[in-house]
Each structure stands twice: as structure tokens, then as C-alpha cells.
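Atoms within each ligand, like the ligands themselves, are counted from 1 in listed order.
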Amino acid sequence: MPLLVMKFGGTSVADLARIRNAAEKVRAEVARGYDVIVIVSAMSGKTNELVGWVNETSPLYDAREYDAVVSSGENVTAGLMALTLQEMDVPARSWQGWQVPIQTTSAHGAARFVDIPRANIDAKFAEGFKVAVIAGFQGVSAEGRITTLGRGGSDTTAVAFAAAFGAERCDIYTDVDGIYTTDPRITSKARKLEKISFEEMLELASLGAKVLQTRSVELAMRYKVRLRVLSSFDETDETSGTLVCDEDEIMESKVVSGVAYSREEAKLTLVTVEDRPGIAAAIFGPLSEAGVNVDMIVQNISEKSQDHDKPVTDMTFSCPVDQVARARKALETARDAGQISYETLQVDTDAAKVSVVGIGMRSHAGVAARMFRALAEEGVNIKVIATSEIKISVLIDRKYMELAVQALHDAFELDKAG
Ligand code: ADP
Ligand code: ASP
Ligand code: MG
């Protein structure tokens, strides 16, 4: 039997009517002759509520209990989706992660798949079940604890199942009708792409475009999964949405193909750090152990260099705002233990990151200059810059984020097909 994976995000299962609407789409594929693996997210807003409860109860929480709580939203929608399908006379049952069992690492809150054994689900398909509904975003560790995959992780569950079961396609149903040149909520000039390369989508996702979780794109690229993003609210067929595919399937030849942003960034500066071999390791080691996702890093000559006999430097880095408390604690602990020394820790929690992405950058110069000029014309000050082969990112004041995205979208003429 040919098999499809269909994933429905939070807004697509936000209430019972939307679950019915999603189930109709599943029934239509079953009617076309497919067995279907459905991956569901929690109802929209649910995971945020659960995360809020955890933070209120225990600010520096035990990550195993965080996962026990925040994984529960998907259990509800998985059961409701199976019931809805049964009401439509489609033979279906739900599976929580541990029942499959979806085996993951024990990195709670950011677990990775170790194995997805097919036997239990294959046996049900063999019995005549047409649909396996899987609770997204969760798994179970070797220690037998429930794990979650990081926010947006149901996308990754979907791609992993598509790879494990050799699905014909992995369809990600969401509240937009495809992948755009930038988030259509930020500018109405955003243009829907027919196709986008794995590489570019990987960068856009890792730089904040939450339409797909980064890891899902990585897995799709590695296992050659045909990955598509489309709307659960529209009538759709095989040609709807945006296909994420290999570079050579794409006709567009723009230097920049998308703009991404990440709104909740913080900039931390350790002022007057002793400048010696090993200091970066001594700073970023404890941060990594504390689970802080350090992003941009800049090491600068300290303003106070002249006042010191030994060489000193300032070390600036960025991380998500909600990790600042962890970062501060890790740095203070390392200082108290004598591993590092610094005079002050400056924390700016009003930052956002804006990035331009395009594989054309590999062969075109001048993208950075054009980007900086566009931002300068809008009076946007740049705090930190980071580049790689196919992206340029800047950290700016959060209040200019929308303006910066719009200015860059205009500067690179992304509203026009190229
Ligand atoms: P779901 O709950 O279905 O997983 P998400 O909210 O995680 O949906 O992702 C869909 C959202 O991603 C859209 O509503 C849109 O605001 C946002 N988004 C960000 N960047 C893009 C982009 N380049 N193209 C399309 N959507 C984007
Ligand atoms: N419900 C989880 C989240 O909101 C996972 C997902 O929807 O993909 O992050
Ligand atoms: Mg999502």
C-alpha cells in the first residue's frame, strides 16, 4: 500500500471543528488508496500554556518533569483525531510516543530520534487499519522517561516517520499555504515560493522561520523525504503548497531567497575578561553544559585594556531571551569557582536577529554591503554581525525588527520572481 505522512500543526487542530476538517483531508487520502500516518501537534496555545505552568512552578525546572508536562498536549489531539476518524468510519488508532516506541536520546527538551521501530504500526496496517495517529513532539528515552524534541518538534516527528516508513510524501499542513520569502505576517509583500532548496530552508528555519523545525529539514535532506508545506484551511491537491527539494530542481536564481527573524534574542557581554589561551573554552563550556544555545559570538578589545597589566578582552554573545537566567547562573558559578574572571556582565534583553539567506551568495559578492546599506537607510543600528556561506545575520534592537525585515525584503526585491 502506498503511504503518506500528514502532519497537522496547532492551529489546524485548534478545536473539534478543525480536527474534523483535518480528518476530512485524511479520509480523502485514504479514499485515494493510501495508508496514512497522521502526526498531530497540541491544540494551538496549549504547549505555551503548559510551558508557562512549568516555569511558574519551578523556574530552573527539572527537564524530565518539563517533558512529562509539555508532551501532554499532543496526547489529547492524537486521541481526538483517532476518535474523529472512527466516527467517519475510517479505521484508525492513536499512539503516544512510548507506545510505538519512538526511541530518543535523553536530552530532555531537545531530544533526538534514536529509532522508530515499525513493527507495531505495520502490524496494525496489516490488520486493516488505514490510519495511525501519532502524538508529535515526543518520544521515550532509554531510561524510560518521556522526552520532547524542542518547540515545533512535531514537524520532525513527521519527517522521521516519513523516512522510517518510506512514505511517498510528507505533507505539513499549517495555517499558511506554503513557504514564503519571509513570514507573511510581517509583510504583505512576502511571496509564496513554489519550491525551496533544503539548504536554504535549513538556514531559514535555524534562523527563526518557524514554519518548519530545523531538525525536520535536516532529516528530510538526509533521507531524501519529499517534504511539502501547505494549508489545512484551503482545498488542496498534489500541486498545492511549497515543495522543499534539492537545489537542482529549482529554476529561481535569486542571490537572496528569503529573510528570517528571531524576535526574542538577548545580547550578553562579559566586560574585561582575562585574555589568555583557553578563555573562550572556559566561558562557553559551562554555558553549553547549562543548556544555553549560544549563537553569535564576538570578542573585542576591552575599552579598559590600558587600565590592566595583563591583557583583557570583552566577550559578547547572543542567546534566546528565555535562557538568560541560566546563562547568568552558569557564568557566576564559573566565576565563583575561579574558572573565569570578569568585571561585569551586561545583559541586553531587547534584541532581535534578522537574517538574509540565499545559495546565490556563494557566488555573488556585495550582499552584505547591500544589506547594511538598507538597514542604515532606515536608521537601524547593528549590534552584532555573523556570516556564513549562504547567510548574513545581524542583531538589532527588537523595536526595529519588522522594519528591518521589510526593508531587506524590498532591498533584495523578493516580491518579484527571479
Ligand atoms: P504549526 O502550528 O502549523 O506548526 P507554526 O506556527 O509553527 O505552525 O508555523 C507556521 C507559521 O510560520 C506561519 O503562520 C508564519 O507566521 C510563520 N512563518 C515564518 N516564516 C515563514 C515563511 N518564510 N513562510 C511561511 N510561514 C512563515
Ligand atoms: N506542540 C509543540 C509546540 O508547540 C510541538 C509542535 O507543535 O510542533 O512546540
Ligand atoms: Mg510548527
Judged by non-hydrogen atoms, does Ser12 sit under 4.0 Å from ligand 1? no

Show me the pairs that pass ring pair (Phe, Tyr, Trp, His ring centres under 6.0 Å) and involve residues 47-79, at least two apart or across chains. Tyr61-Tyr66

Closer than 3.5 angstrom, by distance alone: can the side chain of Ser231 be matched with the main-chain N or O of Phe233 as a donor-acceptor pair? yes

For ligand 2, give me the residues whose heavy-atom distance to it is below 4.0 Å, by chain and number please. Ser41, Ala42, Thr47, Glu74, Phe137, Arg151, Gly152, Gly153, Ser154

Which ligand 1 atoms are under 4.0 Å away from a heavy-atom of Gly9? 1 (P), 2 (O), 3 (O), 4 (O)

Does Phe284 have any ring pair (Phe, Tyr, Trp, His ring centres under 6.0 Å) partners at least two apart in sequence or in another chain, and if so, which? Phe317

Matching residue for Thr269 among Asp314, Thr316, Asn300 - test: side chain to side chain donor-acceptor pair (under 3.5 Å): Thr316

Top protein contact for atom 7 (O) of ligand 1, by heavy-atom distance: Lys210 O, 3.4 Å

Starting from atom 15 (C) of ligand 1, what is the nearest protein heavy atom, named by residue and atom, and what distance separates them? Asp183 OD1, 3.3 Å

Quick one: does Arg18's side chain have a donor or acceptor within less than 3.5 Å of a partner on Gly10's backbone? no

So if I count the atoms of ligand 1 from 1 in the order they appear, which ones are less than 4.0 Å from some heavy atom of Ala209? 20 (N)

Look at Glu249 together with Arg226 and state whether they make a salt bridge at an N to O cut-off of under 4.0 Å. yes

When you measure from atom 2 (O) of ligand 1 to every protein heavy atom, which one gives the shortest distance, and what is it? Gly10 N, 3.1 Å

Name the closest protein heavy atom to atom 14 (O) of ligand 1, giving the residue it belongs to and the distance to 0.1 Å. Arg185 NH2, 2.6 Å

Residue from Asp410, Asp415, Thr181 passing side chain to side chain donor-acceptor pair (under 3.5 Å) with Lys189: Asp410

Counting non-hydrogen protein atoms only, what is the nearest one to atom 27 (C) of ligand 1? Give residue, atom name and distance. Val211 CB, 3.7 Å

Closest heavy-atom pair, Pro286 versus Gln339, reported as atoms and distance to 0.1 Å, is CG-OE1, 4.4 Å

Pairwise ring pair (Phe, Tyr, Trp, His ring centres under 6.0 Å) hits with a residue in residues 129-161, at least two apart: Phe161-Phe165

Looking only at distances, can you tell me whether any N or O atom of Tyr180, backbone or side chain, sits closer than 3.5 Å to an N or O atom of ligand 1? yes

Looking at ligand 1, would Gly178 count as a contact under a 4.0 Å heavy-atom criterion? yes

Examine distances only and state if a side-chain atom of Asp234 and a backbone atom of Thr236 form a donor-acceptor pair shorter than 3.5 Å. no

Given the rule in the side chain to side chain contact (heavy atoms under 4.5 Å, CB included) test, do Arg169 and Glu29 qualify, once you have shown the distances and angles that lead to the verdict? CA-CA 12 Å; Arg169 221 176 39 236; Glu29 297 294 6; 4.3 Å; yes

Contact partition for Pro184 relative to ligand 1, non-hydrogen atoms under 4.0 Å: side chain

Backbone, side chain, both or neither: what part of Leu204 comes under 4.0 angstrom of ligand 1, heavy atoms only? neither

Lys124 with Asp35: basic N within carboxylate O range, under 4.0 Å: no

Leu50 and Gly73 have their tightest heavy-atom pair at CD1-N, 3.8 Å

For atom 3 (O) of ligand 1, which protein heavy atom lies nearest, and how many Å away is it? Thr174 OG1, 2.7 Å

Quick check on Lys7 - does any of its heavy atoms sit under 4.0 Å from an atom of ligand 1? yes

Atom 11 (C) of ligand 1: nearest protein contact (heavy atom, Å): Asp175 OD1, 3.9 Å

